[in-house]
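Written out below as structure tokens is the structure these notes cover.
Note that this is a predicted model, so its numbers are computed, not measured. Side-chain atoms are counted along with the backbone in the values below, which use heavy atoms only and exclude waters and symmetry mates.
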Amino acid sequence: IEKVDLTDGQYSYHHAKILGQHNHLALDPWNQQTVYYIDQLWRINKAFIADMQLNQTESILQIPDSTNQKLVPERVNLCLQFVSMEMAVVTDGAGKLHLINTGNRGESSTKWTIVYSHDVLDDSKPFSLTYTVYHREGETHSVECLCSYVVETNEEQKEKYKTSFLTVLEWISISSEDNKAWSLKRHRRLYGRKPFDYAAFDQSGDCLIVAAESEVEFVYDSVKPVVVTENVNVNASNTAPESCPEYTWNQNAEDVNIQFTVPEGTKKSDIYMTLTHNKVNFGIKNGKVLLEGMLHGFVDVDGSTWIMEKQMIELTLSKQSGESWQAVVIGDNRGEMTLDPAVVEEIHQRLAGLTSYEMNPDPEKTDNQPFNAQQLEECDAFPDDGFGLLRIDGNSHKITHKTNLGSHQWLFQSRLEIDQPPALCLRHDVDGLMIQPQNTVKESETPWHHTATFNAFGYVQASKQQRRFSICAPDSSYVAICDCVRHIYIYRQPTAILSPLRNRKTGQEVGAVAKQQLVSLDAVNNIIGIQVTNDYIFVTTENKLYCITVKSAVV
């Protein structure tokens, strides 16, 4: 297999993360018993399962101009990705992108044809292919390609981004009206101050989804000029820019208290109030309406009142139930919620025994010992800048959804559905949570959905210090953790056991156990690629390809 190592000039953290973890096996999502690889002669080869045996065909396609392209300085690994049942994209790592019509890959006699081949970046810059997606609108066929590479910053960039290297994402749009003649339609570019962990398009090709330690921003668009402005989080609501609230309010289990400031000279006789169990109309006669509309909850009319002192009015609404209110009046965002002083005091009292003005004031004390950062293990660390998940609109160049993931470390990514972006696994406490980005997102909904949980997987992966790849099956039945050499750990989801186990201390019964199995390969070379299906694990070194059957309880 053709393998390109990083050069002495590709030494940064950006290079290691973006270019150093290349997977040399490509799985066909539409034919999941088939994998592909590129050999040292730049030929695309196919291997597949038939009659429970691993078979290999003759080379399918010769990637052009290999002799000259291999001489390009600081070239990177070749990439192959399938974008539809009949289309694929290949990049040669030296600057060229090839769009290929593969025909129906389920048929053995189909011939692959290159329909587009160009240096898509300025100065034929070498790049790695990160993600591709195919979509169609009417008669227009489009392929979106996300290419990545690393550049050293100039003085202006170094001053702005405070880093010596930048991760660059090139968004290349190729289109055709007849599915035969293809051309470059649009070119966009984004900069990242830190390398990303995850980057993919939604299925429409309109949005870019990125998980990274810092935000990425558009710096170029061949169709629409990029306006450099501060990103505004529009995920929460379409409220106006921040201003002083028109009233403040707080609540406890019994009451909701609302405070208003009225103009100087206002008298008690100028105030009116109409109150029912679920509606309020409160304001100044021949003046401003202070509060009007449907209340968030039911109130006791007789127990509700208001008082006035100078320019301050406090309206007290007596709750019929102790549930918490999200707002005073439904749809009224003019007020600002504050904490009740009694609630604040109660919180302080609860925290008093857990906090100190000194760092670890009594480390020898065994009872109620305060938390210390020294208790953290290396696998518990998370980036200082904060880890975030972004959804970026490709036309407006704006971040439409942003979630700060804090200490939820990125563990791995894996494709669960053909028509969805890859899912990403995030660590939550000691567990691994599979998060699936959605294609269609309503304004009031989150674009990320939790689909599966791998119990204790955060610590399972952290214990594998020689780990190179992690990937899970499309049905989330297991995760394969691949070492650099020889070993593959298969972490299975909990399955029922014949006789329940009982915890001696707590008495709790355990009816299911998650098993971990080890596969040792007869290989001495490094593992450089892995792909998984629900039934098989494909693993490759530089000169051997293995297939492991995992559908049964015994590997």
Side-chain angles (χ1 to χ4, degrees), residues 1 21 23-37 45-56 82 106 411-418 420 422-425 431-436 451-464 466-498 511-523 525-541 543-555:
I1 291 180
Q21 295 294 321
N23 192 339
H24 288 76
L25 271 185
L27 177 71
D28 185 350
W30 288 267
N31 299 278
Q32 292 204 355
Q33 293 186 340
T34 307
V35 292
Y36 296 81
Y37 63 89
N45 299 271
K46 173 183 176 181
F48 60 96
I49 299 292
D51 300 325
M52 297 298 294
Q53 296 293 324
L54 183 60
N55 302 275
Q56 181 173 322
F82 298 97
L411 299 179
F412 66 87
Q413 71 182 57
S414 192
R415 192 161 190 172
L416 306 183
E417 302 287 345
I418 288 180
Q420 297 277 2
L424 59 160
C425 186
D431 302 326
L433 306 183
M434 291 301 295
I435 306 298
Q436 176 64 67
T451 60
T453 299
F454 296 107
N455 296 320
F457 183 76
Y459 271 140
V460 170
Q461 177 165 298
S463 67
K464 307 297 187 290
Q466 300 298 317
R467 180 185 70 90
R468 184 177 181 113
F469 302 108
S470 293
I471 188 170
C472 80
D475 62 359
S476 300
S477 58
Y478 70 89
V479 180
I481 305 176
C482 185
D483 273 355
C484 293
V485 180
R486 193 175 182 182
H487 292 145
I488 301 164
Y489 305 90
I490 302 174
Y491 171 91
R492 294 181 180 271
Q493 287 281 27
T495 55
I497 54 179
L498 296 177
V513 174
K515 296 181 180 180
Q516 186 178 165
Q517 297 166 306
L518 171 64
V519 177
S520 294
L521 305 178
D522 60 344
N525 294 327
N526 288 346
I527 295 173
I528 61 173
I530 183 171
Q531 294 292 345
V532 303
T533 69
N534 295 334
D535 301 327
Y536 302 103
I537 299 176
F538 298 93
V539 185
T540 187
T541 64
N543 51 25
K544 283 189 178 182
L545 176 64
Y546 301 84
C547 180
I548 304 161
T549 304
V550 294
K551 71 172 80 175
S552 59
V554 179
V555 180

Do [X] and [Y] make a side-chain contact, defined as non-hydrogen atoms from C-beta onward lying under 4.5 Å apart?
X: Ile537; Y: Ile490; value: yes
X: Gln516; Y: Val460; value: yes
X: Asp28; Y: Val35; value: no
X: Val479; Y: Ile471; value: no
X: Leu424; Y: Gln436; value: no
X: Cys472; Y: Met434; value: yes
X: Leu521; Y: Val485; value: no
X: Leu416; Y: Thr451; value: yes

task = Kindly state each residue pair satisfying salt bridge (Lys or Arg N to Asp or Glu O under 4.0 Å) with at least one member in residues 45-56, sequence neighbours excluded.
result = none

Gap between atom [atom2] of [Y] and atom [atom1] of [X] - 0.5 Å precision:
X: Leu411; Y: Leu433; atom1: CG; atom2: CG; result: 9.0 Å
X: Leu27; Y: Phe82; atom1: CG; atom2: CZ; result: 8.5 Å
X: Asn525; Y: Arg486; atom1: CG; atom2: CZ; result: 12.5 Å
X: Tyr37; Y: Leu25; atom1: OH; atom2: CG; result: 9.5 Å
X: Trp30; Y: Ile418; atom1: CH2; atom2: CD1; result: 5.5 Å
X: Lys464; Y: Cys482; atom1: NZ; atom2: SG; result: 12.5 Å

I'd like to know if the side chain of [X] reaches the main chain of [Y], judged simply by a donor and an acceptor atom lying under 3.5 Å from each other, with no hydrogens or angles considered.
X: Lys544; Y: Thr540; value: no
X: Asn55; Y: Gln53; value: yes
X: Asn526; Y: Ile528; value: no
X: Gln493; Y: Lys515; value: no

request  = Fit a plane to each ring of Phe454 and Tyr491, take the angle between them on a 0 to 90° scale, and name the class: parallel (under 30°), tilted (30 to 60°) or perpendicular (over 60°).
outcome  = perpendicular

inquiry  = Is a donor from one side chain sitting under 3.5 angstrom from an acceptor on the other, for Gln461 and Tyr489?
reply    = no

query = Do the side-chain N and O atoms of Gln21 and Arg468 include a donor-acceptor pair separated by under 3.5 angstrom?
reply = no

Among all residues two or more places apart in sequence or in another chain, which pass the ring-ring contact (aromatic ring centres under 6.0 Å, His included) test with [X]?
X: Phe538; result: none
X: His24; result: His22
X: Tyr546; result: none

ask   = Excluding sequence neighbours, so at least two apart, what forms side chain to side chain contact (heavy atoms under 4.5 Å, CB included) with Ala496?
value = none

note = Across all chains, not counting sequence neighbours, the side chain to side chain contact (heavy atoms under 4.5 Å, CB included) partners of Ala512 are Pro494

message = Between Phe469 and Phe412, is the ring centroid distance below 6.0 Å?
response = no

Sequence neighbours excluded, every pair satisfying side-chain hydrogen bond (donor to acceptor under 3.5 Å, both in side chains) that has a member inside residues 527-539 = none

Considering non-hydrogen atoms only, spot the tightest contact between [X] and [Y] and give its length.
X: Val550; Y: Arg492; result: O-NH2, 3.3 Å
X: Val532; Y: Ala480; result: CG1-CB, 4.2 Å
X: Cys547; Y: Ile49; result: SG-CD1, 3.3 Å

Test of understanding: with side-chain hydrogen bond (donor to acceptor under 3.5 Å, both in side chains), list the residues that count as partners of [X], not counting sequence neighbours.
X: Tyr478; value: none
X: Thr495; value: none
X: Gln32; value: none
X: Asp431; value: none

inquiry  = I'd like to know whether CD of Gln466 has more than 12 heavy-atom contacts from other residues, nucleotides or ligands below 6.0 angstrom.
reply    = no

message = Surrounding CD of Glu417 (heavy atoms of other residues, nucleotides or ligands, distance under 6.0 Å), is the total greater than 12?
response = no

task = I would like to know whether Ile1 and Asn543 meet side-chain contact (heavy atoms from CB on, under 4.5 Å); could you show each step before the answer?
result = CA-CA 6 Å; Ile1 291 180; Asn543 51 25; over 6 Å; no

request  = Apply salt bridge (charged side-chain N to carboxylate O under 4.0 Å, His left out) to Asp483 and list each qualifying residue two or more places apart in sequence or on a separate chain.
outcome  = none

